[in-house]
S.K.: 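Here's a structure for you.
A, B, ... follow the sequence lines: proteins, then strands. Residue 1 opens every chain. Side-chain atoms are counted along with the backbone in the values below, which use heavy atoms only and exclude waters and symmetry mates. This is a predicted model, so every value here is computed, not measured.
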Amino acid sequence: DSGVTQTPKHLITATGQRVTLRCSPRSGDLSVYWYQQSLDQGLQFLIQYYNGEERAKGNILERFSAQQFPDLHSELNLSSLELGDSALYFCASSVAYRNNEQFFGPGTRLTVL
Amino acid sequence: AQKVTQAQTEISVVEKEDVTLDCVYETRDTTYYLFWYKQPPSGELVFLIRRNSFDEQNEISGRYSWNFQKSTSSFNFTITASQVVDSAVYFCALSELQGGSEKLVFGKGTKLTVNP
């Protein structure tokens, strides 16, 4: 158990819908990262927050957004969902915004029908 | 841009065999970190090791060992006396600095199957 929690574990929804994925980092970690794992793209970095502020952005679609709240939990919002958004979404946390191990949560499996 | 190549898509071995998973990386950074993660069938990503680019010493942890060779840009992972529980997808990753922050660039992964 990495100490990073993600909810829900599974999510099934329809095209065009909007969903919110939630992540709670390990106690003491200020940085949260979101990654997407799909069959064709592999594991890809989406976005990083550190202590409430966005620090780095990767291949995140405009339909996706994220935020980190004062209690340090983070949410990833996916809207206007398409079939291709079906993937495993991981959250990771680390103490700082660089030079640290990133510990991953169990992931949220999103299925868009 | 950073790139990580895991040329072995799938490897199948029999229990107790030794197996080496290859990882080759490309980076222009002078300081970087290399990682290995394990993804068992249950799906979670388990951190195995982080190695600083300035530390080329090999590392051993139980049945696991890592060989970092900067000259060939490789960071290979060996499992000695493999066990069925080692069956998983293994990912090699490289840190990439972006605007003072850091993200991980992953290889495509190597699926290891250890048969009894």
S.K.: Before giving the answer on side chain to side chain contact (heavy atoms under 4.5 Å, CB included), spell out for A/Y35 and B/L104 the whole-Å C-alpha distance, their side-chain angles and the decisive distance to 0.1 Å.
M.R.: CA-CA 9 Å; A/Y35 290 84; B/L104 295 182; 3.3 Å; yes

S.K.: Can you name the nearest heavy-atom pair linking B/K103 to A/F45, along with the distance?
M.R.: CD-CD2, 3.2 Å

S.K.: Return yes if some donor-acceptor pair links the side-chain N/O of B/Y37 with the main-chain N/O of A/F104 below 3.5 Å, else return no.
M.R.: no

S.K.: Tell me whether A/L46 is reachable from A/L110 by hopping between hydrophobic residues (I, L, V, M, F, W, Y) whose side-chain heavy atoms are closer than 4.5 Å.
M.R.: yes

S.K.: With only heavy atoms counted, which part of A/D40 is less than 4.5 Å from chain B, the side chain, the backbone, both or neither?
M.R.: backbone

S.K.: Which bit of A/Q37 is near chain B, if near means a heavy-atom gap under 4.5 Å: side chain, backbone, both or neither?
M.R.: side chain

S.K.: Give a yes or no on this: more than 12 heavy atoms of other residues, nucleotides or ligands lie within 6.0 Å of atom NZ of B/K111.
M.R.: no

S.K.: Mind checking which of residues 39-46 of chain B sit less than 4.5 Å from chain A, heavy atom to heavy atom?
M.R.: B/Q39, B/G43, B/E44, B/L45

S.K.: Are A/V112 and A/W34 linked, directly or through other ILVMFWY residues, by side chains that come within less than 4.5 angstrom of each other?
M.R.: yes

S.K.: Do B/V89 and A/F103 belong to the same hydrophobic cluster, where Ile, Leu, Val, Met, Phe, Trp and Tyr are linked whenever their side-chain heavy atoms lie under 4.5 Å apart, directly or via other members?
M.R.: yes

S.K.: Can you tell me if A/R26 has over 12 outside heavy atoms packed within less than 6.0 Å of its CZ?
M.R.: yes

S.K.: Could you state whether A/I12 and A/Y89 fall into the same hydrophobic cluster, counting links through intermediate Ile, Leu, Val, Met, Phe, Trp or Tyr residues with side-chain heavy atoms under 4.5 angstrom apart?
M.R.: no

S.K.: Counting heavy atoms not belonging to A/L39, are there more than 12 under 6.0 Å from its CG?
M.R.: no

S.K.: Less than 4.5 Å to any heavy atom of chain B: does that hold for the side chain of A/L43, its backbone, both, or neither?
M.R.: both

S.K.: If Ile, Leu, Val, Met, Phe, Trp and Tyr residues are connected whenever their side-chain heavy atoms lie under 4.5 Å apart, and connections chain through other members, are B/V4 and B/F106 in the same group?
M.R.: no

S.K.: Taking atom NZ of B/K70 as the centre, does the number of heavy atoms from other residues, nucleotides or ligands within less than 6.0 Å exceed 12?
M.R.: yes

S.K.: Looking only at heavy atoms, what is the nearest atom pair of B/F47 and A/E101, with distance?
M.R.: CZ-CG, 3.1 Å

